[in-house]
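The structure appears below as structure tokens.
Proteins get letters first, then strands, A, B, ... in listed order; numbering begins at 1 in each.
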Number of protein chains: 2
Amino acid sequence: MDNITIKDIARALNLSTSTVSRALRDSYEINPETKRLVMEYAEEKHYRPNPIALSLKENRSLSIGVIVPEIANNYFSQTINGIEAAAYERGYHVVICQSQESYEREVDKVEHLAARRVDGLLLSLSSNTVDIEHLKSLHERGLPLVFFDRIPAEIDTHKVVADNHSGAFQATAHLLESGRRRIAHITSQPGLSITKERLSGYLAALEEYGVPFDENLVKYCSYTFDQVEDNLNALFALADPPDAFLTAADRLALRYYAGLQKRNTRIPEDVAFVGFSNLNVAELLNPPMSTILQPAFQMGQIAAGLLLDLIEKKPKSPVFQTVQLSTELHVRASSLPK
Amino acid sequence: MDNITIKDIARALNLSTSTVSRALRDSYEINPETKRLVMEYAEEKHYRPNPIALSLKENRSLSIGVIVPEIANNYFSQTINGIEAAAYERGYHVVICQSQESYEREVDKVEHLAARRVDGLLLSLSSNTVDIEHLKSLHERGLPLVFFDRIPAEIDTHKVVADNHSGAFQATAHLLESGRRRIAHITSQPGLSITKERLSGYLAALEEYGVPFDENLVKYCSYTFDQVEDNLNALFALADPPDAFLTAADRLALRYYAGLQKRNTRIPEDVAFVGFSNLNVAELLNPPMSTILQPAFQMGQIAAGLLLDLIEKKPKSPVFQTVQLSTELHVRASSLPK
DNA sequence: ATCGTTATCGGGAACGTTCCCGGCTTGGCA
DNA sequence: TGCCAAGCCGGGAACGTTCCCGATAACGAT
């Protein structure tokens, strides 16, 4: 594991490190013959510049960090692919981390990446993150930061989100139009931005169609603690039980799909079902699941692009924007009229 | 982004960097009072040691690299979770990369991680990797290396795999016992270790049950190039078409499940179906898919454990082992007898 | 012959740490 | 009174680069 360094080359060719360094970067002030010698020797010995030494000197790493709650989630893995595509194109490496929906892990990862001198950070908050001081101070100290999907209100920077309000509105309207009236909304932690936006879309649709809102139909779920059965039991114990479900995430959609089937509730006969989800298997489920699809890959691309812009033209402090991408409702068998 | 350094502390407290350094590491030869001063000042100013400077000096990073073909694959994301669990416990960070099933990307990622001085590398080969010189030379130069799942024969180091032979054997035997005779085997690139092992299990089962092998029933698929329809057409154009499918990966299982449904082939009436897969939705598919489940999380844990052992006791050159974990056949509706 | 130019190269500081050496006070003891 | 050993601390090299200054030589111009 002892790699060859510029010093080694210098010693071997009886040159100074400065000369070797310049020869390698093809500087004009080095004799072509010397350059050739250095280049050839470097090639032969597989010289690779030490990025750590460079990072130490330049205080940057030509890499960006990504922190997502979990990668075992189609939505996030698609986003990461978009990020990688954009970063790769512009010569940056991507370091991927998971917060595992844990606040402590998130803080740990953020600090680790910052200490490792990533040139910028892309992130989607963990569902248990309430305090974002760790990010705020980093941002104030000048670390370029772009949020996507689960964004905080308190930090002013670029953000990329799906149009959650309209996605939820569309889905709810679709359910209402196919004759449902008691739509259960299974959603994420109340603190998350996506939760609020989706709830507001849901409420707006109810209002538009003159259907009264019943807060008993809204269930906030932790991703980590499993209470599917309890929630379903509570919902179906209502005097007026749900005849439709609108779920807010891949994970929730699957859990409740399974939960409903376990209690032999028929979809879509007994209840209709629509999920916010980028599951690539929605079509293959039994029955095929109606989903609100988010442009995950594109979100990643855009977020990475914004971050790299931020990184590369640091001097002028930019006007931060929030990019909102539209969602697509895919109606499948799970939400057909009864 | 200007972080406080030991030098800053030294200057502020009128001490030397050596003293500050020692005070921070609680050295015995520093006056308790001085220690207190330094510690408090460091705390107040949020001093964090610069890991890059440390890496440069110590030639290590307290982090390990993981390269998988793609993270949008339940099998790999579960493995990564296992790796992270094990690494976290022992104080190491994990850097995740995707080769995207591309040889060039794999080489690039490997070199990048090595240059960044990861202390070791965990990897599962891309399906397009044939030449592994890049890994061989790294390994010879002393970089600890552990392979999992898709392993090369040419490098002697720790390896962690599922018992692919017996998994395929079990699944094939199960299909044969439920009355199938023409079992199509849809599998990965022929070069991969997992492909060979699974094929051998498939063949062994055929032989045990006295069913002749027909090479027309085996289809090798690239992950990147999509030829599902062609393959299905070819298979069903056979004089004696398949009455069962054994697929070798998450991705293939889903594609062919969808492909079969598109051509209105009934499962399990017309063909039975079993897939190597860690899909968490297998139960929810239509029909629920029989799968051969691999202990992905555990594989990650074990692989990471072996790697860390390798890293931490470098001096003695160990005896390398290949850990083989057993798979589990989960029979569901897709492979019921006709 | 002297001088300014150009072409080519080397020295050394700096990035943030650690650590080897060496140095200065004390104070205790002979 | 003198000496040695703690106890405590600073100087500086080293890790691999880059880059700012110089430095040296040759060479044409004055």
Side-chain angles (χ1 to χ4, degrees), chain A residues 1-39 41-42 45-63 111-112 114-119 141-142, chain B residues 1-39 41-42 45-63 111-112 114-119 141-142:
Chain A
M1 263 298 42
D2 17 73
N3 283 288
I4 187 172
T5 76
I6 269 192
K7 266 187 200 167
D8 298 329
I9 303 183
R11 210 170 3 237
L13 300 183
N14 229 341
L15 291 169
S16 78
T17 56
S18 346
T19 305
V20 175
S21 171
R22 272 174 296 217
L24 288 172
R25 8 188 56 241
D26 204 19
S27 159
Y28 69 97
E29 45 179 349
I30 297 295
N31 190 319
E33 176 59 16
T34 312
K35 272 189 205 171
R36 200 185 52 76
L37 269 170
V38 172
M39 302 262 207
Y41 189 83
K45 298 288 186 183
H46 301 107
Y47 169 76
R48 292 279 177 281
N50 184 329
I52 298 192
L54 284 181
S55 291
L56 182 60
K57 198 159 167 41
E58 316 265 320
N59 225 17
R60 62 180 201 146
S61 59
L62 282 180
S63 62
E111 293 206 334
H112 175 240
R116 284 267 157 209
R117 295 295 184 279
V118 289
D119 299 340
R141 285 192 288 158
Chain B
M1 263 297 43
D2 18 73
N3 283 288
I4 187 171
T5 75
I6 270 192
K7 265 186 202 168
D8 298 329
I9 303 182
R11 209 170 4 236
L13 299 183
N14 228 342
L15 291 168
S16 78
T17 57
S18 345
T19 305
V20 175
S21 172
R22 271 174 296 220
L24 288 172
R25 6 188 56 243
D26 205 20
S27 158
Y28 69 98
E29 44 178 348
I30 298 295
N31 189 317
E33 175 59 15
T34 312
K35 273 189 205 171
R36 199 186 50 77
L37 268 171
V38 172
M39 301 261 207
Y41 189 82
K45 299 287 186 184
H46 301 105
Y47 168 76
R48 293 279 177 280
N50 184 329
I52 298 193
L54 284 180
S55 291
L56 182 60
K57 199 161 166 40
E58 316 265 321
N59 224 18
R60 63 180 199 148
S61 58
L62 281 180
S63 63
E111 294 206 334
H112 176 241
R116 284 265 156 210
R117 295 293 184 280
V118 289
D119 298 342
R141 286 192 288 158

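- Distances shown here put a side-chain N or O of Arg25(B) below 4.0 Å from the OP1 or OP2 atom of dC19(C).
- Each of Lys35(B) and Leu24(A) was matched to the nucleotide of DNA chain D holding its nearest heavy atom; the match closer to the 5' end belongs to Lys35(B).
- For Glu29(B) against dC9(D), a side-chain-to-base donor-acceptor contact under 3.5 Å is present.
- Protein atom CZ of Arg60(B) is 12 Å distant from nucleotide atom P of dT18(C), rounded to whole Å.
- At a cut-off of 3.5 angstrom, the base of dG10(D) holds at least one donor-acceptor pair with the side chain of Arg22(B).
- Ser55(B) places a side-chain N or O within 3.5 Å of a backbone atom of Pro51(B) that can act as its donor or acceptor partner.
- Contact check for Val20(B) versus Tyr41(B): no side-chain heavy atoms found under the 4.5 Å cut-off.
- Taking every side-chain heavy atom of Ala53(A) into account, dT17(D) is the closest of dT18(C), dT17(D), dC9(C).
- No side-chain heavy atom of Arg117(B) sits under 4.5 Å from any side-chain heavy atom of Arg60(B).
- Thr19(B) has a side-chain polar atom (N or O) that falls below the 4.0 Å cut-off from OP1 or OP2 of dG10(D).
- A salt bridge does not link Asp8(B) with Lys45(B): every distance from a Lys NZ or Arg NE/NH1/NH2 to an Asp or Glu carboxylate oxygen is 4.0 Å or more.
- For Thr5(B), taking side-chain heavy atoms from C-beta onward, the closest of the listed nucleotides dG16(D), dT18(C), dG16(C) is dG16(C).
- As rounded to whole Å, 16 Å separates atom P of dT18(D) from atom CG of Asn59(A).
- Ile52(A) has its CD1 atom 15 Å from the P atom of dT17(C), to the nearest Å.
- Residue side chain Ser16(A) does not reach the base of dG11(C) through any donor-acceptor N/O pair under 3.5 Å, judged by distance alone.
- Asn3(A) places none of its side-chain heavy atoms less than 4.5 Å from the side chain of Asn50(A).
- Considering only side-chain N and O atoms, Lys57(B) lies nowhere under 4.0 angstrom from the phosphate OP1 or OP2 of dA13(D).
- Of the candidates dC19(C), dT18(C), dT8(C), the closest approach to any side-chain atom of Leu54(B) belongs to dT18(C).
- On a pure distance criterion of 3.5 Å, no polar donor-acceptor pair joins the side chain of Thr17(A) and the base of dG10(C).
- One finds a side-chain N or O of Thr34(A) lying less than 4.0 angstrom from the OP1 or OP2 phosphate oxygen of dC9(C).
- Per the geometry, CG belonging to Asn14(B) stands 12 Å off C1' belonging to dC9(D), to the nearest Å.
- The distance between atom CD1 of Ile30(B) and atom C1' of dC9(D), rounded to the nearest whole Å, is 6 Å.
- Rounding to whole angstrom units, NZ of residue Lys7(B) and P of dT17(C) are separated by 9 Å.
- Residues Ser21(B) and Ser18(B) bring no donor and acceptor atom of their side chains to less than 3.5 Å of each other.
- For dC9(D), the OP1/OP2 oxygens have no side-chain nitrogen or oxygen of Tyr28(B) closer than 4.0 Å.
- Between the CD atom of Glu33(A) and the C1' atom of dA7(C) there is a distance of 15 Å, given to the nearest Å.
- The nearest whole Å value for the distance from the CG atom in Asn50(B) to the C1' atom in dA14(C) is 14 Å.
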